[in-house]
Amino acid sequence: MSPLSPGPVCYACLPPSSSCLPLRHPSPVPASPAMLSLSQIYDTLVLHPDVFHNTSLGTAIAFVRLASQLRPAIIHSQPPSYDPSHVPQQLDLDICTYIAEKLAIRTSHVDALWDALKIMVWVEGAISLDCTFTGHTLGAPEQKTALATLMLYPPTVICDRPFCPNPRVLRDKDPHKAVTVFTLDKGVQQGFCVKLYCNACNTSYRHDYAVHQDVRTYYSGFPQYVEVALSTYVELRLLKLFTTLSLLSWTSATNAAHVYHEALSLLTGKDRFKASFRLRPEHVWDGFTALALLRDADDRSYALTVPHTGEQKSRFKEAMDARNTFMRCAGQPEFNHWCERCHREYQEPDGTMMYVDALVTDGIEIGRPCCSVPNCTIALASTQDRYCPGHAQYALLCVVELCNSPAQEGYKTCPHPTHRALEDHYDLQHKAQFHLRDCLRRDHAGQASDAISPSASHDLVVELDVLTATLAGSTLVSSNCDAATPDAATPTIPAPHPPMFAVHPSTSSIPVPHASSTPGPSHASMSSVPASLAGSALALSNCDTATLVSVSSGSDATMPSMSSTPVLSHPSTSSTPASASPTPAPGLSASCPEKSEMGNHRVRASFGRKHTHNEQLFVRPCGMIPARETCHTSESLRIIREFFHKYFPDPKYMPRFLIYDNGCRLYQHLEKHKDPVLNNVAFPVDVFHWKCKHKKNDDACSIHCNPYTFPELIGKDGEGWFFNSSVAEQTNVWFGGFHAIVREMSATRFDFFLDEMIKQRNWLTRASLEANNVVLGNRPIHLFSTSS
């Protein structure tokens, strides 16, 4: 536990100090509401006839509110040996002048009101200041007095580090810093942030954290305002609203900033266009991150520490990585959840009472940018990169598959005409007006992450069908990459290209290029192609039929898995048998006399980035989500098996049933590998999938994974089903809404955001179960059966 983690110290509840200077009255004035009656106020005010006869009740109430808000400033305007447990007998001249200007009264009236009402002001829990009592104004704070109605002070006035050699009242030695504060119900506010110092241990204290040796340590609990950028704060309640909007309506940080500016900022006139009054998406995200980390620190009882130096965008990265690692190792806080809806008590034929529980798993295709090398899990240095730092040298090569030549400077392809035609088509395609619509449809995005200025990624896979034989009237050039001389500025590749993929002989009659075994770029030898593709991917010179060239676009090209004999099998050709004729090019019949018997081959290039394949959720039938994992390549049986063993390494923690829509194949996979998990866990298939998509004459489907063979799953009196086996797909409807938000996130932010959304949803699920009087708690491990 950090020495800075104890809760904040109340200004009105500090112990008396032996070094306190004598006040005007030798005895301290007790701060008790019972001692201050109307008659006492009257007796004091009658000594000031001008104030008594010319001050309204509203002014007196406003004075109490404003002075209560300025109480930290009043404390720090006193001499160094002042004891905060005593009520100051008079106000500092700057504070007195500030209050007089705010309330439009004379300074002598301020002194009289303080003399009469100071006890009320100093009582803990006094009426808090409504910052709009003088009207909503955004004028600059009083720079000459460094006072404002919104003053952000640290929550403690005495250094609380246990090793501090001389704990005493903290002092402010730097000028107060003007800040902009985004609030929930008062719009955009301006105020001052006060930084206090302890000269004994060189610790500085801010509103929401303390700094010692360039390390920020956040106070325990939750501050009223959270710093999200230099001189910028966001109210805690507003951050909770943004989190809820993301959770329930899939609102991105960009759209949350738009919502605030249009509906909650209360800005008018020229103030709406001032940059300092504009909430930015990075403010929303940093506030969301800080709140999530503070929640995690509060849940696990540790002090949140982050670097004080460096860029704001990377300030929370280490803390986020640590939380992500914890989630991957331990799962969600509700990992050991138990309730009546996901666990069942049943009676064996011999009368023994047994308990069973179920877990449902399914995947959903949302992802983030990742390295284009298959099965590489190293995070990208930037979300705009195509390769991770360990494979960065491959970004210098031509993006056309099977081509191992360097890309020409200023291009993503080598100078070969066919390859350059692909890039020309790519440039035209992603500039077209219809591209945004197609990209959003391809990305399965129901809404854009920025509703005002929507954009789409250009992660396209462009394919070009090229005739391998001479066309009538066409001029031919060799498609060998050596035929085009690279530019003098073409970079050399210091490291070898990823293993080349040979085209399977059954899918094409062109020569098969193989991987080069030596470092450096190699050139694949191909057949001749039409020469007039350069400059346009949609026309051939001296050819009347433009449809001889067919170009198609897709998203997120996934390189095939490498084996001992790498083979490239494109979706368009993988199902073609060896004896089948090549598919005619669009616009040509199979009997076209101008078509070569050799057929066509397809040139394929990936100009964009690769994204992770899907997210795998583990869901309890009650809706609780104990764990989540990322599948980088595919939702394979091997990966599902690895995930299950990762989160359930001990048989006593394993669920009795794992319901999976491909459970029969998973069962066969586990049986093939003689996995002992089959001794403890059954793998029934979801009822809907078993009825509609599984063979009834297959042993795995009809016996081992048939939900009807497990009486523990059947509902009361043999009707219906006890567990909701479709809960994972129902949960995916909610989870898929984050697709547009997370698609451009880094690996750290992606995991952190989704884990926090699941955590927040689990809290809502738990609250709903409690509201419905469902008995719940932690899983009683010793009660559950471990035999099949």
Can [X] and [Y] be counted as having a side-chain donor-acceptor contact under 3.5 angstrom?
{"X": "Thr251", "Y": "Ser249", "result": "yes"}
{"X": "Thr748", "Y": "Asp321", "result": "yes"}
{"X": "Glu615", "Y": "Thr630", "result": "yes"}
{"X": "His261", "Y": "Arg278", "result": "yes"}
{"X": "Tyr233", "Y": "Asp208", "result": "no"}

Using a strict cut-off of less than 4.0 Å between a Lys/Arg side-chain nitrogen and an Asp/Glu carboxylate oxygen, indicate whether Arg272 and Glu262 qualify as a salt bridge. yes

Which residue pairs satisfy the salt bridge (Lys or Arg N to Asp or Glu O under 4.0 Å) criterion with at least one member in residues 192-204, sequence neighbours excluded?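 Non-adjacent pairs meeting salt bridge (Lys or Arg N to Asp or Glu O under 4.0 Å): Asp174-Lys195.
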
[X] side chain to [Y] backbone, donor-acceptor under 3.5 Å:
{"X": "Asp286", "Y": "His283", "result": "no"}
{"X": "Arg171", "Y": "Leu196", "result": "no"}
{"X": "Arg315", "Y": "Pro307", "result": "yes"}
{"X": "Thr183", "Y": "Gly187", "result": "yes"}
{"X": "Lys118", "Y": "Asp115", "result": "yes"}
{"X": "Gln78", "Y": "Ile74", "result": "yes"}
{"X": "Ser314", "Y": "Gly310", "result": "no"}
{"X": "Thr232", "Y": "Val228", "result": "no"}
{"X": "Trp734", "Y": "Leu247", "result": "yes"}
{"X": "Thr612", "Y": "Arg368", "result": "yes"}

Do the ring centers of Tyr205 and Tyr197 come within less than 6.0 Å of each other?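 Ring centres of Tyr197 and Tyr205 not closer than 6.0 Å.
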
Under 6.0 Å from the NZ atom of Lys177, do we count more than 12 heavy atoms belonging to anything else shown?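 Yes, enclosed.
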
Count the heavy atoms belonging to other residues, nucleotides or ligands that lie under 6.0 Å from CD of Glu318, then report whether that count exceeds 12.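 Counting other residues, nucleotides and ligands, CD of Glu318 stays at 12 neighbours or fewer.
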
Contacts of type ring-ring contact (aromatic ring centres under 6.0 Å, His included), residue Phe316, not counting sequence neighbours: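 Listed in chain order: nothing, the list is empty.
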
Counterpart residues, side chain to side chain donor-acceptor pair (under 3.5 Å), relative to [X] (two or more places apart):
{"X": "His337", "answer": "none"}
{"X": "Asp172", "answer": "His176"}
{"X": "Asp299", "answer": "Lys759"}
{"X": "Thr59", "answer": "Ser56"}

Stepwise, does the ring pair (Phe, Tyr, Trp, His ring centres under 6.0 Å) test hold for Phe753 with Phe288? CA-CA 9 Å; Phe753 175 80; Phe288 168 89; 5.6 Å; yes

With salt bridge (charged side-chain N to carboxylate O under 4.0 Å, His left out) as the criterion, how do Lys274 and Asp271 come out once you've worked through the C-alpha distance, each side chain's angles and the decisive distance to 0.1 Å? CA-CA 5 Å; Lys274 291 184 178 180; Asp271 289 337; 3.4 Å; yes

For [X] against [Y], the heavy-atom pair lying closest together:
{"X": "Cys371", "Y": "Leu380", "answer": "N-CD2, 3.6 Å"}
{"X": "Thr107", "Y": "Ala100", "answer": "CG2-CB, 3.9 Å"}
{"X": "Asp296", "Y": "Tyr302", "answer": "OD2-OH, 2.7 Å"}
{"X": "Pro88", "Y": "Trp114", "answer": "O-NE1, 3.0 Å"}

For the residue pair Tyr260 and Phe182, does the interplanar ring angle fall in the parallel (under 30°), tilted (30 to 60°) or perpendicular (over 60°) class?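 Perpendicular: the ring planes of Tyr260 and Phe182 meet at over 60°.
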
Regarding Arg323 and the six-membered ring of Phe752, is the cationic atom NZ or CZ under 6.0 Å from the ring centre and inside 45° of its axis? yes

Decide yes or no on salt bridge (charged side-chain N to carboxylate O under 4.0 Å, His left out) for Arg206 and Glu227, but give the supporting numbers first. CA-CA 10 Å; Arg206 273 79 163 178; Glu227 183 180 2; over 6 Å; no

